[in-house]
Amino acid sequence: MTSLLDFVLEAHGGRERWSKVTTVSAVLRIGGPMWSMVQAPDVLGDHDVTVDLGRQHTVFHDYHQAGLRGVYTPERVTLLDENGDTLRELRDPRASFDRSAAETPWDTLQALYFVGYATWNYLTAPHLLTLPGVRVKELSPEQPALDPQPGLSGGWRRLAVTFPDDLTVHNSDQTFYYDEDGLQRRMDYAPQVTGGTPAVHMIDGHQEVAGIVLPTRRRVFVPDPEGPGLLPDPFITVDYSDIRVG
């Protein structure tokens with residue numbers, strides 16, 4: 001445990017309050033050009049979503065079409081009808097991706113896997129960093145080589161985070177950035193399922209809900225393939241509203 005992580009936990013509601021949270025629900029709006037690239041339009045628009053803090057489990061309501069539910073776990077993703085019967089499933093979803101090609105089309109269940117684990121990661125942070133096997137280390141502040149705005153991230157404190165194999169994340173080694181108030185403002189990673197393309201994930205719009213603090217706006221930028229720096233427009237957009245804590 002580092003003093004920075006203690007500071008971050010306190011800024012987001014405190015370790016004791018997070019220990020009592022069982023679920024986080026929200027209306028999730030997803031956008032950006034990535035979804036047309038991988039031919040996965042089902043994730044676009046608004047979804048009511050619930051994550052379970054006690055296990056890696058995410059449920060999307062009205063996924064794919066009205067009345068259906070998409071359920072994510074690391075081992076399996078499923079599409080359920082209104083009666084809870086399985087319409088489709090994909091076992092060992094991580095193995096189904098062609099990690100050598102970022103533009104390989106995804107089917108409905110592969111897209112569900114990606115947004116399922118990502119949503120679970122995002123709505124459980126910073127509690128996520130206290131789970132067994134997660135290792136954190138504070139790094140010295142420095143100006144990242146890639147920044148959406150020159151100098152934006154240079155003064156933020158940083159945590160190097162290494163996740164264990166039993167937690168499904170974008171990739172095992174990531175960097176989390178926090179502002180002077182201890183709020184998360186950025187994360188850097190390279191998703192395995194998209195071929196390891198670096199991602200600069202900017203975070204803001206923090207709100208307190210039932211004693212915990214969660215960001216409501218996320219924008220993911222990727223490198224410009226034709227030159228230095230990042231593409232000017234976000235590759236993925238994520239917005240949360242109507243957050244509920246169980």
**Study point:** Candidate pair T194 and M34, rule side chain to side chain contact (heavy atoms under 4.5 Å, CB included), full reasoning
**Key:** CA-CA 10 Å; T194 60; M34 172 177 169; 3.9 Å; yes
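- Among all heavy-atom pairs drawn from S19 and E16, the shortest one is OG-O, 2.5 Å.
- H57 has its side chain within reach of V71: a pair of non-hydrogen atoms, C-beta onward, lies under 4.5 Å apart.
- In this structure, N171 contributes its side chain and A190 its backbone to a donor-acceptor pair below 3.5 Å.
- Transitive grouping of hydrophobic side chains (ILVMFWY, heavy atoms separated by less than 4.5 Å) keeps M202 and Y240 in distinct clusters.
- Contact between L231 and P223 at its shortest, heavy atoms only, is CG-O, 4.0 Å.
- Rounding to the nearest 0.5 Å places CG of L230 at 7.5 Å from CG of D147.
- Atom CG of D92 has more than 12 neighbouring heavy atoms from other residues, nucleotides or ligands inside a 6.0 Å radius.
- Within the 3.5 Å criterion, the main-chain N or O of R158 finds no donor-acceptor partner in the side chain of R186.
- When atom types are taken as modelled, the side chain of N83 and the backbone of D85 share no donor-acceptor pair closer than 3.5 angstrom.
- Residues V134 and P164 have side chains in contact (heavy-atom distance under 4.5 Å, counting atoms from C-beta outward).
- To the nearest 0.5 Å, the span separating CG on L129 from CG on L4 amounts to 9.5 Å.
- A donor-acceptor pair under 3.5 Å is absent between the side-chain atoms of Q207 and the main chain of T216, judged by distance alone.
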Check your understanding: Do D81 and L68 pass the side chain to side chain contact (heavy atoms under 4.5 Å, CB included) test, and can you show the C-alpha distance, the side-chain angles, and the key distance before you say yes or no?
Key -> CA-CA 5 Å; D81 67 14; L68 303 187; 4.2 Å; yes
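- Judged purely by atom type and a 3.5 angstrom limit, Q184 has no side-chain atom pairing as donor or acceptor with the backbone of H12.
- The shortest non-hydrogen separation linking E138 to S3 is OE1-OG, 4.4 Å.
- For the pair P148 and V200, the tightest heavy-atom approach, listed with the atom from each and the gap, is CD-CG1, 4.1 Å.
- None of D48, T50, T23 except one satisfies the side-chain hydrogen bond (donor to acceptor under 3.5 Å, both in side chains) rule with R244; the exception is D48.
- For the pair Y113 and P93, the tightest heavy-atom approach, listed with the atom from each and the gap, is CD1-CG, 3.2 Å.
- Under a hydrophobic clustering in which Ile, Leu, Val, Met, Phe, Trp and Tyr are joined whenever their side-chain heavy atoms come within less than 4.5 Å, directly or via other members, L167 and V193 fall into the same cluster.
- With a 4.5 Å cut-off on side-chain heavy atoms, V21 and H127 do not count as touching.
- The main-chain N or O of T108 is found under 3.5 Å from a side-chain atom of Y63 such that the two form a donor-acceptor pair.
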Exercise for review: Could you go through the side chain to side chain contact (heavy atoms under 4.5 Å, CB included) check for R185 and D204 one step at a time?
Suggested key: CA-CA 6 Å; R185 298 299 306 277; D204 60 20; 4.3 Å; yes
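- Separation of atoms CG (L90) and CD (E75) is listed at 12.0 Å; rounding is to 0.5 Å.
- A 4.5 Å side-chain heavy-atom check between V24 and L53 finds at least one atom pair inside the cut-off.
- Between Y177 and D188 there is a side-chain heavy-atom pair separated by less than 4.5 Å.
- With hydrogens and angles disregarded, no donor-acceptor distance shorter than 3.5 Å links the side chain of T78 to the backbone of T86.
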Practice item. Go through the steps to decide whether Y189 and V220 satisfy the test side chain to side chain contact (heavy atoms under 4.5 Å, CB included), and finish with yes or no. Key: CA-CA 10 Å; Y189 49 81; V220 181; 3.8 Å; yes
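- A distance-only check finds no donor-acceptor pair linking the side chain of E10 to the backbone of F7 [under 3.5 Å].
- Scanning both residues, V209 and I243, for their nearest heavy atoms gives CG1-O, 3.5 Å.
- Taking a cutoff of 4.0 Å between a charged side-chain nitrogen and a carboxylate oxygen, D239 and R219 qualify as a salt bridge.
- When ring centroids are compared, H170 and F114 come within the 6.0 Å threshold.
- F221 places none of its side-chain heavy atoms less than 4.5 Å from the side chain of L146.
- Note that the NZ atom of K20 and the OG1 atom of T22 stand 12.5 Å from one another [nearest 0.5 Å].
- Note that the CZ atom of R29 and the CG atom of D46 stand 4.0 Å from one another [nearest 0.5 Å].
- In this structure, W120 has its ring center no closer than 6.0 Å to that of Y72.
- A side chain to side chain contact (heavy atoms under 4.5 Å, CB included) with T175 holds for exactly one of L159, L139, V161; it is L139.
- L80 and F60 end up in different hydrophobic clusters when Ile, Leu, Val, Met, Phe, Trp and Tyr side chains are linked at under 4.5 Å.
- Both V238 and V169 are members of a single hydrophobic cluster when ILVMFWY side chains are connected at heavy-atom separations under 4.5 Å.
- Residues V115 and W35 have side chains in contact (heavy-atom distance under 4.5 Å, counting atoms from C-beta outward).
- Remark: the backbone N or O of P126 is not paired with any side-chain donor or acceptor of W18 at under 3.5 angstrom.
- Put simply, OG1 on T58 and OH on Y122 are 11.5 Å apart, with the number rounded to the nearest 0.5 Å.
- The hydrophobic cluster containing V59 does not contain L112, counting ILVMFWY residues as joined when their side-chain heavy atoms lie under 4.5 angstrom apart, directly or transitively.
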